[in-house]
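Naming: A, B, ... by sequence-line order, numbering from 1 per chain.
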Protein chains: 2
Amino acid sequence: MKAEDKKFFEAKAAVLKALAHPTRLWMVEHLESGEKCVCEFAELIDADFSTVSKHLTVLKQAGIVQDDKRGKQVYYSLKVPCVLNFIHCVEAVLSARAKEHLSMTGLSDRPQNK
Amino acid sequence: MKAEDKKFFEAKAAVLKALAHPTRLWMVEHLESGEKCVCEFAELIDADFSTVSKHLTVLKQAGIVQDDKRGKQVYYSLKVPCVLNFIHCVEAVLSARAKEHLSMTGLSDRPQNK
DNA sequence: GAAACGCTTGGCAATATTGCCAAGCGAAAA
DNA sequence: TTTTCGCTTGGCAATATTGCCAAGCGTTTC
C-alpha cells in the first residue's frame with residue numbers, strides 16, 4: 001500500500017470511527033429531522049452534559065455535523081446527509097446476520113436443499 | 001432512549017466499528033474485486049500474519065465478510081456489498097471537509113459573496 | 001508417518017477511547 | 001456589574017483496541 005493511499009484510508013477510517021459509537025450514531029439519526037441544540041440531546045439521553053458535548057465535538061471534527069451558535073444555544077445539524085443512507089446498509093448487515101443466526105439455531109423456516 | 005433501541009444502536013455501532021480501521025477498510029474495498037485469501041492480504045500490507053487474520057475475524061464477526069476454507073487456503077469475500085456504496089459517502093465527507101479547509105486557509109478559488 | 005503450509009488463537013504491553021467531575025468561558029438576563 | 005445559562009475543556013481512572021511474538025491446529029505434500 002502506498003503511503004498516500006495509507007493516509008486516505010486513515011482519513012476514511014477516522015470518519016467511520018466517529019460514527020462507530022451508539023450515542024453518536026443515535027445523535028446523527030436524530031439530526032435527520034433537523035438541527036438540535038446540545039440541551040435537547042442531553043435531555044433525551046441519560047448522560048452528563050460534558051459527555052454529550054464531547055460526542056458532538058467528535059462528530060464535528062469528523063466533518064459529519066456542523067454547529068451554529070445562536071444566542072445562548074449551540075445548534076448542531078447534519079452536514080453530509082448521505083450518512084443516513086449508509087446507516088441503512090448497516091441495518092442490512094444486521095438483518096443478514098440475524099437471518100443466518102436463526103437458521104443456525106434451527107428456528108427458521110428456511111427451505112431445505114432437499 | 002428505550003432499552004430496545006439502545007441495543008439496536010449498539011449493534012449498528014458495532015458494525016461501523018468493525019469498518020473503522022484503516023486496514024480493515026482497505027481489506028473491504030479490496031474485496032470489491034472478488035474473494036481473496038489471507039495470504040494475499042498479508043502480502044499486500046506490511047503486517048504480521050496474525051494481525052491480518054485478526055482483522056478478518058473482526059469483519060467476519062460483524063457480518064461484513066464471510067470465509068470459505070478450500071484446500072490449504074481460507075478465502076474471504078464480501079457478504080454485504082452495500083458497504084462499498086457507503087464508503088463513497090465517507091469520501092464525500094472528506095471532500096466536503098477538504099474544500100472547507102482550503103477556504104479557511106485562503107488557498108481556494110471559492111466565489112466570494114460579493 | 002513427518003514435515004511444510006496456511007491460518008488462527010493466546011498472551012501481553014502499548015495505545016486509544018470513554019464518561020464522569022470540576023472548572024472555565026462567553027452571551028444574555030437581572 | 002453580577003449572576004445565570006448553555007456549553008466546552010481539563011483531568012483522570014476505567015475500559016477497549018491494536019499488533020507483535022509464540023504456540024497451536026487442520027490440510028496437504030513429501
Side-chain angles (χ1 to χ4, degrees), chain A residues 1 3 6-7 9-28 30-31 34-77, chain B residues 1 3 6-7 9-28 30-31 34-77:
Chain A
M1 189 160 28
K6 200 181 165 197
K7 287 271 178 193
F9 280 100
E10 278 169 8
K12 286 191 276 188
V15 174
L16 286 166
K17 197 180 283 184
L19 286 168
H21 187 285
T23 302
R24 292 197 290 267
L25 200 53
W26 173 83
M27 286 170 159
V28 167
H30 217 68
L31 286 176
E35 61 175 20
K36 301 273 177 296
C37 69
V38 184
C39 55
E40 289 180 83
F41 285 126
E43 198 179 315
L44 285 165
I45 61 173
D46 188 28
D48 195 86
F49 223 89
S50 70
T51 301
V52 172
S53 180
K54 278 183 182 171
H55 278 309
L56 286 165
T57 301
V58 170
L59 288 171
K60 184 181 158 192
Q61 305 249 46
I64 297 164
V65 303
Q66 58 199 167
D67 61 346
D68 182 23
K69 190 164 194 170
R70 292 202 303 274
K72 279 187 187 176
Q73 277 128 320
V74 178
Y75 291 91
Y76 281 87
S77 57
Chain B
M1 187 158 32
K6 201 180 163 196
K7 287 273 178 190
F9 280 100
E10 278 168 7
K12 285 190 278 188
V15 173
L16 286 166
K17 197 179 285 183
L19 285 167
H21 188 286
T23 303
R24 292 196 291 267
L25 200 53
W26 173 82
M27 286 171 159
V28 168
H30 216 68
L31 286 176
E35 62 175 20
K36 301 274 177 296
C37 68
V38 183
C39 56
E40 288 179 82
F41 285 126
E43 197 179 315
L44 286 165
I45 61 174
D46 188 28
D48 194 87
F49 223 89
S50 69
T51 300
V52 172
S53 180
K54 278 183 181 171
H55 278 309
L56 286 166
T57 300
V58 170
L59 288 171
K60 185 181 157 191
Q61 306 249 43
I64 296 163
V65 303
Q66 57 199 165
D67 60 347
D68 182 22
K69 190 163 192 171
R70 293 202 302 276
K72 278 188 190 176
Q73 276 128 319
V74 178
Y75 291 91
Y76 281 87
S77 58

5' to 3' on DNA chain D, which nucleotides open and close the contacts with chain B (atom under 4.0 Å from a heavy atom)?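 Here the contact window of chain B covers dT17(D) to dT28(D).
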
Toward the 5' end of DNA chain D, which comes first, K54(A) or K69(A), by nearest nucleotide? K69(A)

Of Q73(A) and H55(B), the one whose closest DNA chain D nucleotide lies more 5': Q73(A)

Contact nearer the 5' end of DNA chain C, comparing T51(B) with K72(B): K72(B)

Residue closer to the 5' end of DNA chain C, S50(A) versus Y76(B) (nearest nucleotide):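 It is Y76(B) whose nearest nucleotide is closer to the 5' end.
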
Is there a donor-acceptor pair under 3.5 Å between the side chain of K72(B) and the backbone N or O of R70(B)? no

Quickly work out the [X] [atom1] to [N] [atom2] distance and round it to whole Å.
X	N	atom1	atom2	result
D48(B)	dC7(C)	CG	P	13 Å
E35(B)	dC7(C)	CD	P	12 Å
E43(B)	dC7(C)	CD	P	11 Å
R70(A)	dA28(C)	CZ	P	13 Å

Between F41(A) and W26(A), what is the ring plane arrangement, given parallel below 30°, perpendicular above 60°, and tilted in between? perpendicular

Measure the shortest side-chain to side-chain distance between V38(B) and L56(B) over non-hydrogen atoms and say whether it is less than 4.5 angstrom.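 Yes. Closest side-chain heavy atoms under 4.5 Å.
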
So do the side chains of Y76(B) and I64(B) get within less than 4.5 Å of each other, counting heavy atoms only?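 Side chain of Y76(B) against side chain of I64(B), heavy atoms only: no contact under 4.5 Å found.
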
Heavy-atom closest pair, residues K17(A) and R24(A):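 What the structure gives for the nearest pair is O-NH2, 3.3 Å.
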
Within 45° of the six-membered ring axis of F9(B) and under 6.0 Å from that ring's centre, is NZ or CZ of K6(B) located there?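 Here K6(B) fails the 6.0 Å and 45° test against F9(B).
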
Could you check whether K17(A) gets within reach of a base, just the sugar-phosphate, or nothing at all, counting any heavy atom under 4.0 Å?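 Result for K17(A) = sugar-phosphate.
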
